[in-house]
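Lettering follows sequence order; numbering is per chain, from 1. Values in this document were obtained by computation on a predicted structure and should not be read as measured data.
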2 protein chains.
Amino acid sequence: MINDGKRSGRPRAGEERLSREVILTAALGIVDDEGIDALTMRRLAATLQVNPMSLYHHLPNKAAVLAGLAELVFAGLELPDPGDAVPWDEQLKQAARAYRDGLRQHPNLALQVLSDASAVSDVVVVTMEPFYRALDRAGLAPREIFEAANTLIDFIHGFSLGEASVRAETFELAPDLLTRVRALPAHKAPTLTRIVNELGADGLAYDFDSGFESGLSTWVAGIRR
Amino acid sequence: MINDGKRSGRPRAGEERLSREVILTAALGIVDDEGIDALTMRRLAATLQVNPMSLYHHLPNKAAVLAGLAELVFAGLELPDPGDAVPWDEQLKQAARAYRDGLRQHPNLALQVLSDASAVSDVVVVTMEPFYRALDRAGLAPREIFEAANTLIDFIHGFSLGEASVRAETFELAPDLLTRVRALPAHKAPTLTRIVNELGADGLAYDFDSGFESGLSTWVAGIRR
DNA sequence: CTCCTTATCCATACGTTGTACGATTATGTA
DNA sequence: TACATAATCGTACAACGTATGGATAAGGAG
């Protein structure tokens, strides 16, 4: 078959267009810009101006692309470690905030990232040092450190998942929640009804940042038991 | 076009084969048995012995099927409320355990369920009463109750996500973690290295049940500050 | 240098997916 | 009886992941 203009074989030295890294970076761009559903092998190839099948030389299949993206996100995590200059609880909070911030930078990937068990377990090894150090300084036993770190990570994951599932930065739970609660036969959930009404519409505007800080404080207080 | 045996028009009264409920129940069965990827509109239709396009009369598209499944899972949640017969913290823990158990009954759906913001916000209204009651009995202010409940839910979600991402009931983090940590240049993560080594291989066998209890206790201790 | 293996990219094609469109047949109301 | 509406089916299409195999050049071996 005649080739009309484009060479189709191996590129000349120094002009390789593809590599695992280049492909994953492009994929991350697509996902960040247009969401996870926009990431198809054809779309990815088009972005790179390459034939779809060329991608398969560098990555075995689409699942590998997604796993690679999870890896990328975690690799981008940089947990600042103030060392022993601040109290252990502040050290812990700073690490937790940085972790959440890292996940927040790619909201369209949160689901993929958080559900990739091997990526999650990888990151434990390479970035959890500040967590372990702070908990060690708090005087916990090894087993307690291990479990406390897991628990904190789980909270951050759950929080990030909720945060990513919601489009806007501040999601108005309030009107919804108020409306729904008031639609309930009051005796079905008396305490919930009372609490929500006491809070009123104003008090229910939900802000993720303060929600995160509140959870963090509760959790740290639990460690300090 | 001639119809060979099968009638193709509207079924006679009393023999409707489909309904939203019937479809969703069948879909849940497929997902539970064979995983979320096995759920296709054709497969679903085949299970119901129906033409794929018939499904679209009851549900607008596949996304609606998935959302419906999240709804089903939450609807199946039954949080037992021991009332004031037990201390508030025990009441809270029982509710949390039941919530986790509910999510665990459909591990293949965990991701879908937890990332469906509207389903999550729905469930808050209908099943969170025990959480609110326990926290109210603990003496918290309305705003604190609201935030504490959110935090606990986030923890359970994060925990369940991790649990669902892993196939087996007890996932051996240990060998992996030990191996990985030991492969690290020790100075990169000195505390992590030390803690993991002190724990040793035995101490690292991870059990989800005790991990959950540990997190729950930490969190409750935080509330009791 | 030549020969050969291997790396990189491309063209074609297949099976599967979600679902748009329109036909077909029964129901319920006028 | 006539007709709008509800429920199902048949056909068809575009887009998807990727298997297979061919083209071209790189890089090492002789």
Self-check item: Pairwise side-chain contact, B:Leu199 with A:Arg143, heavy-atom cut-off 4.5 Å (strictly under)
Solution: yes
So, is [X] near the phosphate of [N], with a side-chain N or O under 4.0 Å from OP1 or OP2?
X       : N      : value
B:His58 : D:dT8  : yes
A:Thr40 : D:dC16 : yes
A:Ser54 : C:dC10 : yes

Quiz item: Got a salt bridge between B:Glu213 and B:Lys93, using NZ or NE/NH1/NH2 to carboxylate O under 4.0 Å?
Solution: no
Quiz item: Is A:Arg104 salt-bridged to A:Glu163, cutoff N-O under 4.0 Å?
Solution: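 Yes, charged N to carboxylate O under 4.0 Å.
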Quiz item: Is it true that atom CG of A:Asp37 has more than 12 heavy atoms of other residues, nucleotides or ligands lying nearer than 6.0 Å?
Solution: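 For A:Asp37, atom CG is not crowded (no more than 12 foreign heavy atoms under 6.0 Å).
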Whole angstrom is fine here: how far is it from [atom1] in [X] over to [atom2] in [N]?
X       : N      : atom1 : atom2 : result
B:Met41 : D:dC9  : CE    : P     : 14 Å
B:Asn51 : C:dT25 : CG    : P     : 15 Å
A:Arg43 : D:dG17 : CZ    : C1'   : 17 Å
A:Asp37 : D:dG17 : CG    : P     : 11 Å
B:Arg42 : C:dG18 : CZ    : P     : 7 Å
B:Leu44 : C:dG18 : CG    : P     : 10 Å
A:Lys62 : C:dT16 : NZ    : P     : 19 Å
A:Tyr56 : C:dA11 : OH    : C1'   : 15 Å

Quiz item: A:Val50 side chain: which of D:dT18, C:dC10, D:dC9 is closest?
Solution: C:dC10
Practice problem: Specify whether B:Phe131 and B:Tyr99 have parallel, tilted or perpendicular ring planes, treating 30° as the upper limit for parallel and 60° as the lower limit for perpendicular. | Solution: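 Ring orientation, 0 to 90° scale: perpendicular.
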Self-check item: Whichever of A:His57 and B:Pro60 has its nearest DNA chain C nucleotide further upstream toward 5'
Solution: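 Going by which nucleotide is closer to the 5' end, it is A:His57.
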Exercise. Let me know, please, whether A:Ala38 or A:Met53 comes out on the 5' side of the other along DNA chain D by nearest nucleotide.
Key: A:Ala38
